[in-house]
Amino acid sequence: MAKGKIIVIVFSEGWETSCSNTPSSSRSPGKGGKARLEASSYEHDDKRVCELHHFRVSLPIEGGPPPWAFRKSRIPACLRSLFAAPKYPHFREEKRHGFDPGLAAPPRRHTYFKGYFQTEQYFLHCREQLCREFRLKTPLTPENARILEDIRSCCSISLHIRRTDYLSNPYLSPPPLEYYLRSMAEMEGRLRAAGAPQESLRYFIFSDDIEWARQNLRPALPHVHVDINDGGTGYFDLELMRNCRHHIIANSTFSWWAAWLNEHAEKIVIAPRIWFNREEGDRYHTDDALIPGSWLRI
């Protein structure tokens, strides 16, 4: 393995996707090598900003691809096809959602990675490191600190509803209300069977459309609609969610990461059975490796 390799991971979109990209950089670049994260996509995003600096992420975060990222191969085109050699030898892009062993293999040269990498098969080996690095560095506000205290004092269940950008997304739609009703019934049944006192159960509901959640989702159990944070302070919501004992997630990488970073050994996580809107022949939007085997799907 060559010395002094550089590994660069470009964020695809959204800060929660950057969580997926960060562990992808856990591949060792070798002795004398370097790894960094690239956040140039945020320069053209008027809805999101990079929020990783609020966590204890150890890799440097910079903007712009390195000059070698799209350097063409010196092998003539006629020979590249013969030897299956890439046109851009330093560029490796995820071709579909799911696990690609080729992308997980240690790179042998400077490498520029692009993709979502939304499966724990890429980073399960460094779970302890990730749980440390995604601990919040920015102090909680007093309001968030009070909610965190409530979360830790009961058998807390986070429930996440994502709607606003999904209403016009051709590949992702909000799970129907029936999904949440069935998930709550399943969650409560499993917790009662495990001996959790009924009076200790409490829902903490998070959403980018909290008014819709208030009007449409009223659990019989005690519950709190967490409405103190906005799109610019999502890192506070992630910290609150990951501290809940159990999770009902949306088809969203935001709540996926909150559940995955939860370190409770006996946690119950329920996820939607349908993640993507897939048309016949769509080989990119697949969720066959997205949900960990210990999670439930409804």
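Here the CZ-OG1 distance, from Phe117 to Thr253, works out to 14.0 Å after rounding to the nearest 0.5 Å. In this structure, CZ in Phe204 is found 12.0 Å from NE2 in His247, a value given to the nearest 0.5 Å. Remark: Ile228 CD1 to Arg146 CZ distance equals 8.0 Å, nearest 0.5 Å. Taking CZ of Arg214 as the reference point, atom CD1 of Ile205 lies at 9.5 Å (rounded to 0.5 Å). Note that the CD1 atom of Ile157 and the CD1 atom of Ile268 stand 8.0 Å from one another [nearest 0.5 Å]. How far CG of Leu177 is from CD1 of Ile161: 8.0 Å, rounded to the nearest 0.5 Å.
Here the side chain of Asn169 pairs no donor or acceptor atom with the backbone of Asp165 at under 3.5 angstrom. The backbone N or O of Ala250 lies less than 3.5 Å from a partner atom in the side chain of Ser255, making a donor-acceptor pair. Side chain of Arg297 to backbone of Ile291: no donor-acceptor contact under 3.5 angstrom is found. For Asn144 (side chain) and Ile147 (main-chain N/O), no donor-acceptor pair under 3.5 Å exists by modelled atom type. A donor-acceptor contact shorter than 3.5 Å links the side chain of Asn243 to the backbone of Glu239. Of the possible polar contacts, one joining the Ser156 side chain to the Arg245 backbone as a donor-acceptor pair under 3.5 Å is found. No side-chain donor-acceptor contact under 3.5 Å links Ser207 to the backbone of Ala213. Side-chain N or O atoms of Tyr180 include none that pairs as donor or acceptor with a backbone N or O of Leu159 at under 3.5 Å.
Residues Lys267 and Ser294 form no side-chain contact, since every pair of their non-hydrogen atoms from C-beta on lies 4.5 Å or further apart. A heavy-atom distance below 4.5 Å is not found between the side chains of Glu211 and His225. For the pair Arg190/Leu296, a side-chain contact is recorded, criterion being any heavy-atom separation below 4.5 Å from C-beta on. With a 4.5 Å cut-off on side-chain heavy atoms, Cys244 and Asn262 do not count as touching. Looking only at side-chain heavy atoms (C-beta outward), Arg56 and Arg132 stay at 4.5 Å or farther from each other. Residues Phe113 and Glu38 are not in side-chain contact: their nearest non-hydrogen atoms beyond the backbone lie 4.5 Å or more apart. With a 4.5 Å cut-off on side-chain heavy atoms, Arg163 and Asp208 count as touching. Side-chain contact between Ile249 and Pro272 is present, with heavy atoms from C-beta onward closer than 4.5 Å.
For Phe123 and Trp260, the distance between ring centers is under 6.0 angstrom. Aromatic rings from Phe276 and Tyr171 are positioned such that their centres are separated by 6.0 Å or more.
Pairing each heavy atom of Gly98 with each of Tyr122, the nearest pair is O-OH, 3.4 Å. Of all non-hydrogen atoms in Glu263 and Arg242, the two that sit nearest each other are OE2-NH2, 3.5 Å. Across Phe99 and Ala289, no two heavy atoms sit closer than the pair N-CB, 4.1 Å. The two residues Ser252 and Trp275 have their closest heavy-atom pair at N-CZ2, 3.2 Å. Heavy atoms only, all atoms of each residue included: Leu201 and Pro222 are closest at O-CD, 3.8 Å.
Taking a 6.0 Å sphere around CD of Glu149, one finds it holds 12 or fewer heavy atoms contributed by other residues, nucleotides or ligands. Counting heavy atoms of neighbouring residues, nucleotides and ligands inside a 6.0 Å radius, atom CD1 of Ile274 does not exceed 12 of them.
Aromatic ring pairs are classed by plane angle as parallel below 30°, tilted from 30° to 60° and perpendicular above 60°; the pair Phe55 and Tyr235 is perpendicular. Ring geometry for His97 versus Tyr116: interplanar angle of 30 to 60°, hence tilted.
Clustering ILVMFWY residues whenever any of their side-chain heavy atoms sit less than 4.5 angstrom apart, transitively, puts Met241 in the very cluster that holds Val269. Both Ile61 and Trp257 belong to a common hydrophobic cluster when Ile, Leu, Val, Met, Phe, Trp and Tyr are linked at side-chain heavy-atom distances under 4.5 angstrom. Hydrophobic clustering of Ile, Leu, Val, Met, Phe, Trp and Tyr side chains at less than 4.5 Å, counting indirect connections, unites Leu103 with Leu290. Neither Ile270 nor Leu261 shares a network with the other; the hydrophobic side chains, linked directly or stepwise wherever heavy atoms of I, L, V, M, F, W or Y lie under 4.5 Å apart, form separate groups for each. Note on Leu52: it clusters hydrophobically with Trp256, by side-chain heavy-atom contacts below 4.5 Å among ILVMFWY residues.
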Going through the checks in order, is the side-chain contact (heavy atoms from CB on, under 4.5 Å) test met by Glu94 and Asp100?
CA-CA 8 Å; Glu94 183 183 47; Asp100 182 345; over 6 Å; no
Apply side-chain contact (heavy atoms from CB on, under 4.5 Å) to residues Leu217 and His223 and explain how you reach the verdict.
CA-CA 10 Å; Leu217 201 63; His223 56 278; over 6 Å; no
Go through it in stages, so that I can follow the logic: the residues are Glu133 and Val57, the test is side-chain contact (heavy atoms from CB on, under 4.5 Å), and I'd like the CA-CA distance, side-chain angles, deciding distance and then a yes or no.
CA-CA 5 Å; Glu133 296 210 2; Val57 174; 4.0 Å; yes
Next on the checklist: Please determine whether side-chain contact (heavy atoms from CB on, under 4.5 Å) holds for the pair Asn229 and Phe206, giving the CA-CA distance in whole Å, both sets of side-chain angles, and the decisive distance to 0.1 Å.
Outcome noted: CA-CA 10 Å; Asn229 300 311; Phe206 300 81; 5.9 Å; no
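Between the side chains of Asp150 and Ser153, not a single donor N or O lies within less than 3.5 Å of an accepting N or O.
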